[in-house]
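Input: a single structure, listed below in structure tokens.
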Amino acid sequence: MKFVPHTYQQMAIDKILDTPKAGLFLDMGLGKTVITLTAIEELMNNRFEIDRVLVIAPLRVAEDTWSRESQKWDHLKHLRISKVLGSARERRKALAREADIYIVNRENVVWLTDELSQVGDGWDFDMVVIDELSSFKSHSAKRFKALRKYITRSSRVVGLTGTPAPNGLIDLWSQIYLLDGGERLGKTITGFRERYFLPNQRNQTMIYNYKPKEEAERAINAKIADICISMRAEDWLEMPERIDNVQSVKLSATELAKYYQFEHDCYMEFLEGEVTAASAAALSNKLLQYSNGAMYLPDGGYVKTSDAKLEMLEEIIEVSGGKPILCFYSYRHDLERIMERFKYAKKLEGSDDIEKWNNGEIPLLLAHPAGAGHGLNLQAGGNIIVWFGLTWSLELYQQANARLYRQGQENAVIIHHLITEGTADESVLKSLQGKKDVQDELLDSLKAKYGGAVHGKVM
């Protein structure tokens, strides 16, 4: 696919090219990955300024997003990517591999610095990209302390985040330090606090938090303005715009093997009976439950199969920086597991919940698409939708999305679809995209895997 950058994307690309230590504070949906990869390609293959790039990212982003995005665009397909993931042995092999970009998950930053310190001056990355810079907001975290020792050896650093100050301005010091080594906000967190903050909650011996001094925000913004660029989706996208994101959820090898066995057994059971729309729907229902992370038992209870979707939802909540999220679930066990994981979540039950949501009082609203379809105006409360489990009803899908994506919405609507790779989720997504009937797609894919007729009475 040919990449033709929007005006705001070209501005961000130019910022990276023109600013050796750059912070891109971009809302979700503006394309920060393709922006950064395009700048890397230019610096590496046209300007010959860099040879080896290190990308530090959340685990699922490291596993999938950067490599997927590089293969999506024609001008990036030649970039060689090595994923420094998995066991220690696998990570060492990935580091030794010839590549242009090395991707490590943020949890392994300490391991990486320790590993490279054992081979002399092993830090040979002339560019570092920190995807989700805000995950380095804690100055006391081991990952920050490990990275600050080495990152100054890289001639170029890029920090990417949509939420640079999720808990307030105090979060900025460590993030900006990783970009400029303390040049703008000071060499120490103590100095930063003394300059821009006052003690807030405290007892006689301990200060629990700080509040910014008057004019602190303006002063801090002025200090970092030369290296940071901030873009909000609503400032650059014609309103309202809809941004559909497919968030790939990966099961572990063991979990995926169990899913395939379950899929096989269900399909064989399906072939033994009369093949009808009802039986096909029942088969689809079982597989979709499993891909969501739990299965009903005959007694009405359920057994958990994976927490992968819960972890992806948690990551989206973190990246969203406190913005309200409307989450659509499919099954009761989805609802129960989400509410168990996120104690502040609220199920949509009545007009009081609608009012609280539209007033911004509910950070995570849970709704079933069949119960949140026609007639509910929720657009005042937020602009982010997460489909924890998809429905194969196109009408329910469209109506549910229209709760936020409708007249009166002032922001771009971002719709995340949690799709478990290798499962029935992928068939449902194709159906909703208008590519195929969901049941036909599912049955055809299962027939290709396991054989057998799928029409009429199976002999």
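Note that this is a predicted model, so its numbers are computed, not measured.
By the 4.5 Å heavy-atom criterion applied to side chains, Arg242 and Asn401 are counted as neighbours. Annotation: side chain of Glu255 is not in contact with side chain of Thr305 (no heavy-atom distance under 4.5 Å). Looking at Glu90 and Leu85, their side chains never come closer than 4.5 Å, going by heavy atoms from C-beta outward. Within the 4.5 Å cutoff, the side chain of Thr36 has no heavy atoms near those of the Asp131 side chain. Side-chain contact between Ile419 and Val428: absent, with no pair of heavy atoms (C-beta onward) separated by less than 4.5 Å. Residues Phe388 and Phe328 fail the side-chain proximity criterion, which asks for heavy atoms closer than 4.5 Å. The shortest side-chain heavy-atom distance between Ile317 and Ile325 falls under the 4.5 Å cut-off. Put simply, the side chain of Thr38 does not reach to within 4.5 Å of the side chain of Glu42, judged on heavy atoms.
Taking the ring axis of Phe136 as reference, the NZ or CZ atom of Arg106 does not stay both within 45° of it and closer than 6.0 Å to the ring centre.
The heavy-atom pair separating Leu147 from Leu178 by the smallest distance is CD2-CD1, 4.0 Å. The shortest non-hydrogen separation linking Thr420 to Ser291 is OG1-O, 3.0 Å. Closest heavy-atom contact between Ala94 and Ser82: O-OG, 2.8 Å. Contact detail for His416 and Ile384: the closest heavy-atom pair is CD2-CG2, 3.9 Å. The shortest heavy-atom contact between Leu396 and Pro369 is CD2-O, 3.8 Å. Closest of all the heavy-atom pairs between Asn383 and Ala412 is ND2-O, 2.7 Å.
Rounding to the nearest 0.5 Å places CZ of Arg403 at 10.0 Å from CG of Leu326. The distance from atom CG of Leu54 to atom CG of Leu116, rounded to the nearest 0.5 Å, is 8.5 Å. Interatomic distance, Thr161 OG1 to Gln175 CD, rounded to the nearest 0.5 Å: 6.5 Å. Between atom NZ of residue Lys83 and atom CZ of residue Arg97 there is a gap of 10.5 Å, rounded to the nearest 0.5 Å. Distance CD1/Ile35 to CG/Leu26: 5.5 Å, rounded to 0.5 Å. Taking NE2 of His417 as the reference point, atom CD1 of Ile385 lies at 8.5 Å (rounded to 0.5 Å).
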Would Val413 and Ile243 count as a side-chain contact (heavy atoms from CB on, under 4.5 Å) if you check the C-alpha gap in whole Å, the side-chain angles of each, and the deciding distance to 0.1 Å? CA-CA 6 Å; Val413 175; Ile243 302 167; over 6 Å; no

Check the pair Phe262, Met295 against side-chain contact (heavy atoms from CB on, under 4.5 Å), reporting the backbone distance first and the verdict last. CA-CA 11 Å; Phe262 179 78; Met295 271 295 304; 3.5 Å; yes

Audit row: Tyr8, Asp235, side chain to side chain donor-acceptor pair (under 3.5 Å) steps and yes/no: CA-CA 10 Å; Tyr8 59 86; Asp235 293 335; over 6 Å; no

Going through the distances and angles, do Glu115 and Arg92 end up as a salt bridge (charged side-chain N to carboxylate O under 4.0 Å, His left out)? CA-CA 9 Å; Glu115 185 75 13; Arg92 291 187 182 101; 2.8 Å; yes

Applying salt bridge (charged side-chain N to carboxylate O under 4.0 Å, His left out) to Asp353 and Lys346, what does each step give before you reach the verdict? CA-CA 8 Å; Asp353 297 324; Lys346 180 69 176 69; 3.2 Å; yes

Under the side chain to side chain donor-acceptor pair (under 3.5 Å) criterion, do Asp126 and Ser154 qualify, and how do the steps go? CA-CA 4 Å; Asp126 38 29; Ser154 300; over 6 Å; no

Does Ile354 form a side-chain contact (heavy atoms from CB on, under 4.5 Å) with Leu348? I'd like the steps, not just the answer. CA-CA 7 Å; Ile354 295 173; Leu348 176 60; 3.8 Å; yes

Determine, stepwise, if the pair Asp100 / His78 fulfils side chain to side chain donor-acceptor pair (under 3.5 Å). CA-CA 10 Å; Asp100 302 310; His78 64 278; over 6 Å; no

Walk me through whether Glu426 and Lys430 qualify under salt bridge (charged side-chain N to carboxylate O under 4.0 Å, His left out). CA-CA 6 Å; Glu426 294 176 337; Lys430 287 181 181 179; over 6 Å; no

Take Met231 and Ile229, measure what side-chain contact (heavy atoms from CB on, under 4.5 Å) needs, and give me the verdict at the end. CA-CA 7 Å; Met231 293 182 178; Ile229 184 172; 3.5 Å; yes

Applying side chain to side chain donor-acceptor pair (under 3.5 Å), run through Asp265 and Gln261 and close with a yes or a no. CA-CA 6 Å; Asp265 294 342; Gln261 184 61 54; 3.0 Å; yes

What's the verdict on salt bridge (charged side-chain N to carboxylate O under 4.0 Å, His left out) for Arg337 and Asp334, showing C-alpha distance, side-chain angles and the deciding distance? CA-CA 5 Å; Arg337 289 185 300 120; Asp334 293 343; 3.3 Å; yes

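Under the 3.5 Å distance criterion, with hydrogens and angles disregarded, no donor-acceptor pair is assigned to the side chains of Arg68 and Thr33. Side chain to side chain, Asn105 and Glu107 meet the donor-acceptor criterion of an N or O pair below 3.5 Å. Checked by atom type, the side-chain pair His368/Ser330 shows no donor-acceptor distance below 3.5 Å. Asp14 and Gln10 share a side-chain donor-acceptor pair at under 3.5 Å. Defined by atom type and a distance below 3.5 Å, a donor-acceptor pair is missing between the side-chain atoms of Tyr329 and Asn292. Side-chain atoms of Ser138 and Ser140 form a donor-acceptor pair, as typed in the model, at a separation below 3.5 Å.
Ionic pairing of Asp425 and Lys309 is present here: one or more N-O contacts between side-chain nitrogen and carboxylate oxygen are shorter than 4.0 angstrom. Salt-bridge formation is detected for the pair Glu132/Lys32: a Lys NZ or Arg NE/NH1/NH2 atom is positioned less than 4.0 Å from an Asp or Glu carboxylate oxygen. Taking 4.0 Å as the cut-off between side-chain N and carboxylate O, Lys2 and Asp74 do not count as a salt-bridged pair.
Environment of CD in Glu361: crowded, with over 12 heavy atoms of neighbouring residues, nucleotides or ligands closer than 6.0 Å. The neighbour count for Lys258 NZ, taken as heavy atoms of other residues, nucleotides or ligands under 6.0 Å away, does not exceed 12.
Looking at Tyr331, its side chain never comes within 3.5 Å of a backbone N or O of Ala294 through a donor-acceptor pair. A donor-acceptor distance shorter than 3.5 angstrom exists from the side chain of Thr391 to the backbone of Ser393, with no hydrogens or angles considered.
In this structure, Tyr302 and His333 have tilted ring planes: the angle between them lies in the 30° to 60° band. The aromatic rings of Tyr450 and Tyr267 are tilted relative to each other, their planes meeting at an angle between 30° and 60°. Ring geometry, Phe144 versus Tyr177: the interplanar angle exceeds 60°, so the pair is classed perpendicular (tilted spans 30 to 60°).
Each of Trp387, Tyr405, Trp392 was scored for a ring-ring contact (aromatic ring centres under 6.0 Å, His included) with Tyr397, with one residue passing: Trp387.
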